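Residue numbers start from 1 in every chain, and the chains themselves are labelled A, B, ... in the order their sequence lines are given, proteins ahead of strands. Treat the numbers as computed from the prediction; the structure is a model and nothing was measured. Keep in mind that the numbers below use all heavy atoms, side chains included, and drop hydrogens, waters and symmetry copies.
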Protein chains: 2
Amino acid sequence: MTDPLSRTLSALADPTRRAILARLVTGEATVNELAEPFDISLPAISRHLKVLETAGLISRGRKAQWRPCRLEPGQLKAVDGWLERYRRFWEDSFDRMDLYLASLQKGSIDGEPN
Amino acid sequence: MTDPLSRTLSALADPTRRAILARLVTGEATVNELAEPFDISLPAISRHLKVLETAGLISRGRKAQWRPCRLEPGQLKAVDGWLERYRRFWEDSFDRMDLYLASLQKGSIDGEPN
DNA sequence: CCGTTAATTAACATATCAGCTAAGTAATAA
DNA sequence: TTATTACTTAGCTGATATGTTAATTAACGG
């Protein structure tokens, strides 16, 4: 599993790690802050953070004895890019865009099915 | 790992399984057809298909002795939906926190859609 | 220097995963 | 009925993942 996309998806497959990412959306956090909501040990959290960092989903700084973690969106963007080729399977993108543009020209978008 | 999103992301973390999905974009295929490009045994492919089916990423029919597989986009859409809350982090590098806070009014705190 | 706080590393148990070969099942064809 | 084709299941192996507790490193503060 050497490729970055596999590593990223594997990292995202764990609900604890996804919850950590969700927390980091609100801004930087230290390891103890990130561990607080969970019932697992601090070393376990530390390992989860290592997985996220190796996957490129977070980066870590150093402030005194704290190691603030921050979200790195690059790999999430890569997942989005991978999804792109499948998007047409759940979106009728062309038809919907045609309808959207047509409705724009008529000056109303109220009737969009959505 | 009982939740559907974790199961889906775990299934997608394997490059062989992603390659199988990519093949299915071109239409239905039998197990032997799907196995053909790979150097691994047919039972290994069969297990990969089982993982994809359990994750809801494919479905399988029955035509005589063949088991045609087809892509099921629902779980890919779920991944796209999960990504949605992070999209602003790479689409909008300015004021991303403001945008997050604006969207927070309607979302859950731990970020898991279900 | 010593103690406290923050976090990581070490050592270990257990579970799941991905691969194999061999055997089994299901439907078709002779 | 028997053979063939298509695929799955069983049983095994080695690698990897997740968790634990105990020990260790790093920085700060008296």
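Each of dA7(C), dT20(D), dT21(C) was ranked by its minimum atom distance to the side chain of S41(A); first place goes to dT20(D). Set against dT8(C), dA27(C), dA7(C), the side chain of A64(B) has dA27(C) as its closest nucleotide. For I40(B), taking side-chain heavy atoms from C-beta onward, the closest of the listed nucleotides dC7(D), dC20(C), dT20(D) is dC20(C). The side chain of V31(B) sits closest to dC7(D) out of dA27(C), dA7(C), dC7(D). In the set dC20(C), dA18(C), dT5(C), the nucleotide with an atom closest to the side chain of D14(B) is dA18(C).
Judged by distance alone, the side chain of S46(B) and the main-chain N or O of L42(B) form no donor-acceptor pair under 3.5 Å. Judged by distance alone, the side chain of R17(A) and the main-chain N or O of A11(A) form a donor-acceptor pair under 3.5 Å.
Between K50(A) and Q65(A), the residue anchored nearer the 5' end of DNA chain C, judged by the nucleotide with its closest heavy atom, is Q65(A). The residue among P43(B) and V51(B) whose nearest nucleotide of DNA chain C is located toward the 5' end is V51(B).
Rounded to whole angstrom, the span from the CZ atom of R47(B) across to the C1' atom of dT16(C) amounts to 10 Å. Going from atom CD of E36(A) over to atom C1' of dA7(C) covers 17 Å, rounded to whole Å. In this structure, L49(A) places its CG atom 15 Å from C1' of dT9(C), rounding to the nearest Å. Atom C1' of nucleotide dA6(C) and atom CD of E28(A) are separated by 16 Å, given to the nearest angstrom. As a whole-Å value, the separation of L9(A) CG from dC17(C) C1' is 16 Å. Following rounding to the nearest Å, F38(B) (CZ) and dC20(C) (C1') show an atom-to-atom distance of 17 Å. The nearest whole Å value for the distance from the CD atom in E33(A) to the C1' atom in dT5(C) is 14 Å. Protein atom CG of L52(A) is 14 Å distant from nucleotide atom C1' of dA17(D), rounded to whole Å.
A salt bridge links R87(B) with E84(B); the closest basic N to acidic carboxylate O contact falls under 4.0 Å.
Close to dG19(C), at under 4.0 Å from its OP1 or OP2, lies a side-chain N or O of H48(B). Between dA6(D) and R62(B), no contact under 4.0 Å exists linking OP1 or OP2 to a side-chain N or O. At least one side-chain nitrogen or oxygen of R17(A) sits closer than 4.0 Å to the OP1 or OP2 atom of dT18(D). Within the structure, a side-chain polar atom (N or O) of N32(A) is placed less than 4.0 Å from OP1 or OP2 of dA7(C).
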Between I58(A) and R70(A), does a side chain to side chain contact (heavy atoms under 4.5 Å, CB included) hold up when you go through it step by step? CA-CA 5 Å; I58(A) 67 170; R70(A) 106 175 63 79; over 6 Å; no

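Residues V51(B) and L71(B) fall into different hydrophobic clusters, defined by Ile, Leu, Val, Met, Phe, Trp and Tyr side chains chained together at heavy-atom separations under 4.5 Å.
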